[in-house]
Number of protein chains: 4
Amino acid sequence: MSVLPERGTKRSYLPAEERRAQILACARAVFARRGFHVASIAEICSAAGIGRGTLYQHFTNKRDVLEAVLEELFERVRGVLASRQSVAELDGAADAPPALICAFCATRLRRMLDAIFHDEASLRLVLREARGLDGGIDAILARIDGLVLGAMVTDLESARRLGVVETAEPELAARFLLGGVEKLVLDALHADAPVDLERIVSVVTDIQLTGLLSERTRAIGRRS
Amino acid sequence: MSVLPERGTKRSYLPAEERRAQILACARAVFARRGFHVASIAEICSAAGIGRGTLYQHFTNKRDVLEAVLEELFERVRGVLASRQSVAELDGAADAPPALICAFCATRLRRMLDAIFHDEASLRLVLREARGLDGGIDAILARIDGLVLGAMVTDLESARRLGVVETAEPELAARFLLGGVEKLVLDALHADAPVDLERIVSVVTDIQLTGLLSERTRAIGRRS
Amino acid sequence: MSVLPERGTKRSYLPAEERRAQILACARAVFARRGFHVASIAEICSAAGIGRGTLYQHFTNKRDVLEAVLEELFERVRGVLASRQSVAELDGAADAPPALICAFCATRLRRMLDAIFHDEASLRLVLREARGLDGGIDAILARIDGLVLGAMVTDLESARRLGVVETAEPELAARFLLGGVEKLVLDALHADAPVDLERIVSVVTDIQLTGLLSERTRAIGRRS
Amino acid sequence: MSVLPERGTKRSYLPAEERRAQILACARAVFARRGFHVASIAEICSAAGIGRGTLYQHFTNKRDVLEAVLEELFERVRGVLASRQSVAELDGAADAPPALICAFCATRLRRMLDAIFHDEASLRLVLREARGLDGGIDAILARIDGLVLGAMVTDLESARRLGVVETAEPELAARFLLGGVEKLVLDALHADAPVDLERIVSVVTDIQLTGLLSERTRAIGRRS
DNA sequence: GATGAATGAGGTTTCATTCAT
DNA sequence: TATGAATGAAACCTCATTCAT
C-alpha cells in the first residue's frame with residue numbers, strides 16, 4: 001500500500017496534486033489498519049516515504065487528513081450511485097418470480113456496496129472508525145451513510161410501487177439491511193477471514209426478501 | 001452518574017471491593033460518553049471523586065479498567081441468558097399463526113437485548129468502542145458477541161426443529177439480525193434520539209421472519 | 001537563580017504553592033535572560049530542576065507562565081505604591097529651596113522604581129519583552145505601566161497644587177520622565193554595566209525639574 | 001506596502017538589485033508589524049509576491065534580512081545627519097530669549113527624528129525589536145542609537161559653549177531626552193493612536209530645557 | 001487506603017532552509 | 001532567476017503512570 005520512493009534517491013519531487021493523492025492513499029491504509037487515534041502522523045509519513053513536514057504542506061491537521069480520506073470516499077460513492085440505472089425503468093418486474101427478484105436485488109446491492117467496500121481499507125474505515133471526533137468527521141460519515149441509505153430507500157419505494165415488495169417503513173428496512181451486512185463484514189474482517197461480499201449479499205438479500213418463516217407456518221397464516 | 005464523596009470530607013475511605021465497583025461504574029459512563037482513547041484517567045477519577053493515584057491501586061492499567069468494565073457486562077449477559085427458558089420446551093408452537101410467532105420472538109429478543117443494553121452506557125460501549133486495542137479487549141467483546149449470537153442460534157435451531165422457520169445458515173441469520181438491530185440503535189444514539197428498543201425489535205423481527213416480498217409476488221413463486 | 005534539587009535525589013516534592021512560586025522565579029530569570037520567544041520550556045524546567053510535565057501542572061501555557069510572572073510583578077508594584085505616603089501631606093514644601101525638592105523627588109522616584117526594578121530580571125522583562133504577543137500580556141504590561149505613571153501623575157499634581165511645579169501636561173511629563181529613565185537603564189543593561197539607579201534617578205530628576213537652560217539665558221527670559 | 005507582481009504573470013523577473021530592494025521593503029513592513037520572531041519568511045515572501053526560495057538567493061538568513069533592513073535604516077540616518085548644518089555656526093544664539101531657543105531646538109530635533117521615524121515601520125522596528133538576537137543585529141541597533149545620540153551630544157556641547165545651556169553630563173541628558181521621546185512614541189503606537197511627533201517633540205523640548213519647577217520656587221533658589 | 005506532585009516518552013505541529021526543476 | 005516541494009530539527013504539550021507522603 002505504501003508508495004516508497006526509489007532506493008538511493010534522497011528526495012522525490014511530485015506535483016502537489018499527486019503527492020496529496022499519494023499521502024491520502026497511505027493514510028487510508030494506516031488509519032484502517034490502526035484506527036485514527038493509534039495511527040501516528042509519523043507512521044503515515046514513513047508509509048508514504050516522505051518527511052513529516054511534507055504532510056503538513058498538504059493538510060492542516062491529523063484530523064484534516066482523515067476528513068480528506070473520507071471525503072474522497074464520499075465522492076466515489078456518490079459517483080457510483082449517480083451512474084446507476086433506475087429500478088423504476090425495469091419493466092416486467094411485477095411479474096417476475098421471487099428467485100429472480102432476489103438475484104436482481106442481490107446484484108444491485110452488491111454493485112453499490114462495492115463502491116464503499118472498494119478496498120479493505122475504506123471498509124474498515126467506514127465501519128469501525130471511532131465516531132465522536134470533533135469536527136466534520138461525524139458529518140462526513142453520516143453523509144456517506146445517508147447516500148447509501150437514500151439509494152436503498154429509493155429502490156425499496158420503486159419496488160413497492162411495482163407491487164414487488166410491501167413495507168410500511170422503507171427507512172427502517174434499509175437501515176436494518178445495511179446494518180446486517182456491515183456486521184457480517186466486520187465479523188469477517190475481525191476474524192481475518194476474506195470478505196466474501198458475494199455470498200454475504202446473496203444470503204442476506206434472500207433472508208430479507210423471503211423471510212425465515214417456513215412455508216408451513218405461512219400457510220397457517222394464509223388460512224386464518 | 002458520578003458517585004461523589006460526601007461534601008466537606010477531604011478523603012473518603014471505602015473497602016477495596018466497593019471502591020473498585022464505584023470506579024467501574026464511573027469508568028463505564030466516561031468510556032461510553034467519550035470513547036476509550038479520548039477518555040482520560042483524570043476524567044474517570046474526577047467523576048469518581050478520587051485522586052488519580054487511587055485508581056491505580058485497583059487497576060493496573062487504563063486498558064485494565066476497560067477490560068473490567070466489559071468483563072462485568074459479560075457476566076451480566078451470561079447471567080440473563082442462563083436464566084432463560086428454552087424455546088424447545090414450548091409446545092404447540094408448530095401450529096401457531098405467524099403473527100403470534102413474531103410477537104413471541106420479538107419479546108424474547110427484547111429480553112435478551114435488554115441485558116446488554118441495560119443502560120445507554122453499556123450500549124455505547126459495546127457498539128462503538130474501537131476494536132483493535134491490544135490485549136484482551138477484543139477478546140471480551142468477541143465473547144459477549146458470541147454469547148448473544150449463541151443464544152440466538154440456539155433459538156433458531158429449536159424453531160427449525162419445530163418446523164417454524166427454515167434456514168440453512170442460522171449463524172449468518174443470527175448475525176444479520178443482530179447487526180441490523182445494532183445499526184438502528186447506533187443511529188438513534190447518534191442522532192441523540194431516545195432508543196425505542198421495543199419498536200426496533202418488533203419491526204426488525206417482523207421483517208426478518210416474514211420478509212419484504214409482497215403476497216402477490218410470493219403467489220407467483222408458489223405457482224411455478 | 002535556579003533552584004536545583006539536592007544532588008542524588010530523584011524527585012523532590014513540594015506543595016503546589018511553593019513549586020509554582022519556584023517555577024515562576026526561574027521563569028522570570030530565563031525569560032529575562034533570553035526573551036520570551038527564544039526561551040524554551042525545557043530551559044525553564046531544567047533551571048527549576050524539574051521535568052517538563054511538572055510545569056504544565058501549574059501553568060497551561062508558555063504564555064500563561066509569562067503572564068503569571070508579570071502578574072506577580074504587578075502585584076508587587078501595586079503593594080509598594082499602596083503603602084506610600086501621600087506627597088500632599090508634606091507641609092512646608094511650598095517654601096523649600098529647589099535643591100531640597102530635587103533631592104526629595106529623586107528619593108521618592110527611586111523608591112518607586114525599586115519596586116519594579118527589584119531585580120535585574122524583572123527589569124529586563126518589563127523593558128524589553130516583545131510586546132504584541134496575543135493574550136493578556138500586553139494588557140498586564142500596560143497595567144504595570146499605568147500603575148507607575150498614575151503614581152507619578154498624582155505626585156506631579158500634588159506638587160502643582162503646592163505651587164512647586166508648573167506643568168500643563170502632567171501625563172506627558174510623567175511618561176517622558178519614565179521613558180528617559182528606562183532608556184538609561186536599558187543602555188546600562190545592554191552594555192552589561194551595573195545599573196546605578198541612584199545616580200540615574202538623581203541626574204534625571206535634576207534635569208527634568210531644573211531644565212538645561214543656563215541661568216544667563218533664563219535671565220534674558222525674565223527681562224523681556 | 002507589499003509590492004505584488006503584475007496580475008496574471010506567473011513569474012516576474014527582476015534584476016538582483018531591484019529584487020533585493022523590494023524584498024527589503026516588504027520585510028521591513030512585516031518585521032515592524034509582527035516582530036522578528038513572530039514574522040515568518042513565508043509572510044515576507046508572500047508580501048513580496050515571490051516564492052520562498054527566491055528570498056534565499058538574496059539573503060542567507062532570516063537574520064540577514066533583518067540586518068539588511070536595519071543597515072539600510074542606518075545609512076539613511078547617517079545621510080540625514082551628515083547634511084545638517086552645525087549649531088556652532090549659528091550666531092547670536094547666546095542672546096536669544098528662551099522661547100526662541102526652545103523653538104529652534106524642537107525643530108532641529110524634529111528633523112533628526114524624522115530621519116529615523118521616516119515611516120511607522122522603521123519606527124516600530126528600532127523601538128521594539130527584541131534585542132538579544134545573536135549576530136550583528138544588536139550591533140546595528142547600537143550603531144543607529146549611537147548616531148543619533150552622537151548628534152544630540154554634539155548639539156548640546158555646542159549650546160553649552162555658546163552659554164545657552166548648562167549640563168555636566170551631555171551624554172546622559174541626550175539619552176534621557178531620546179528615551180523620553182521614544183516612550184511617548186511607543187505609547188502612541190501601542191494605543192494605535194497617530195504619532196504626533198510635532199507635538200511630542202515640542203512639549204518634551206520645553207520640559208527638558210525649561211524644567212518643571214515653578215518660577216516661585218526658582219526665585220527661592222536664587223535668593224539663597 | 002488515599003493522595004496529588006512528579007515524570008518523560010511520545011505525539012503533533014511549525015518553519016527556516018535546501019534543492020531539483 | 002524563480003519556484004515551491006521537501007525536509008527534519010526543535011518546539012510545545014498531553015497524559016498514563018509512579019511514588020513519597
Side-chain angles (χ1 to χ4, degrees), chain A residues 5 9-16 18-20 37-43 45 49-63 65, chain B residues 5 10-16 19 37 39-45 49-65, chain C residues 5 9-20 37-43 45 49-63, chain D residues 5 10-16 19 37 39-45 49-65:
Chain A
T9 313
K10 262 285 136 77
R11 289 182 182 196
S12 78
Y13 283 75
L14 251 59
E18 279 179 48
R19 177 66 71 190
R20 193 187 141 93
H37 290 290
V38 179
S40 78
I41 291 290
E43 240 168 321
C45 291
I50 59 173
R52 281 200 298 283
T54 306
L55 185 143
Y56 283 92
Q57 286 203 325
H58 301 274
F59 304 94
T60 55
N61 255 348
K62 187 180 175 185
R63 224 187 51 216
V65 178
Chain B
K10 263 284 134 82
R11 291 180 180 201
S12 77
Y13 287 77
L14 249 60
R19 173 83 344 141
H37 290 290
S40 74
I41 291 288
E43 231 169 330
I44 295 172
C45 290
I50 59 172
R52 281 206 295 284
T54 307
L55 187 142
Y56 283 90
Q57 292 200 324
H58 301 274
F59 304 94
T60 57
N61 252 343
K62 188 182 176 184
R63 228 185 48 215
D64 187 37
V65 178
Chain C
T9 314
K10 264 279 135 77
R11 288 182 181 195
S12 77
Y13 283 74
L14 252 60
E17 198 87 334
E18 279 178 49
R19 177 65 71 191
R20 193 185 143 92
H37 289 291
V38 179
S40 78
I41 291 289
E43 240 169 322
C45 290
I50 58 173
R52 281 199 299 281
T54 306
L55 187 143
Y56 284 93
Q57 286 203 325
H58 301 274
F59 305 94
T60 54
N61 255 346
K62 187 180 175 185
R63 224 187 51 215
Chain D
K10 260 288 134 78
R11 292 183 181 199
S12 77
Y13 287 77
L14 251 59
R19 172 85 343 144
H37 289 291
S40 74
I41 292 287
E43 231 169 330
I44 295 172
C45 292
I50 59 172
R52 281 207 295 283
T54 308
L55 186 143
Y56 284 89
Q57 293 202 324
H58 301 274
F59 303 93
T60 56
N61 253 345
K62 188 182 177 184
R63 228 186 47 216
D64 187 38
V65 178

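Chain letters run A, B, ... following the sequence lines, proteins first and then strands; every chain starts at 1.
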Interatomic distance, [X] [atom1] vs [N] [atom2] [rounded to whole Å]:
| X | N | atom1 | atom2 | value |
| --- | --- | --- | --- | --- |
| C:E18 | E:dA6 | CD | C1' | 15 Å |
| C:F59 | F:dT14 | CZ | P | 15 Å |
| B:L55 | F:dC15 | CG | P | 16 Å |

Query raised in the report: Looking only at side-chain N and O atoms, does D:R19 come under 4.0 Å of OP1 or OP2 in F:dA2?
Result: yes

Query raised in the report: Has B:H58 got a side-chain N or O lying under 4.0 Å from the OP1 or OP2 atom of E:dA2?
Result: yes

Report task. Answer whether the closest heavy-atom distance between the side chains of D:H58 and D:V65 falls below 4.5 Å. Result -> no

Restricting to non-hydrogen atoms, name the atom on [X] and the atom on [Y] that form the minimum distance, rounded to 0.1 Å.
| X | Y | answer |
| --- | --- | --- |
| C:E43 | C:V38 | OE1-O, 3.8 Å |
| C:K62 | C:H37 | NZ-O, 3.6 Å |
| B:C45 | B:G51 | SG-O, 3.8 Å |

Report task. Could you encode protein contacts along nucleotides 13-20 of chain E as a string, one character per nucleotide from 5' to 3', using B for base contact, S for sugar-phosphate-only contact and - for no contact, with a heavy-atom cut-off of under 4.0 Å? Result -> BBBSBBBS

Query raised in the report: Between atom CZ of A:R20 and atom CG of A:L55, what is the distance when rounded to the nearest 0.5 Å?
Result: 10.0 Å

**Report entry** Under the 3.5 Å Watson-Crick or G-U criterion, the dot-bracket string of DNA chain F, with | for inter-strand pairs
**Finding:** .||||||||||||||||||||

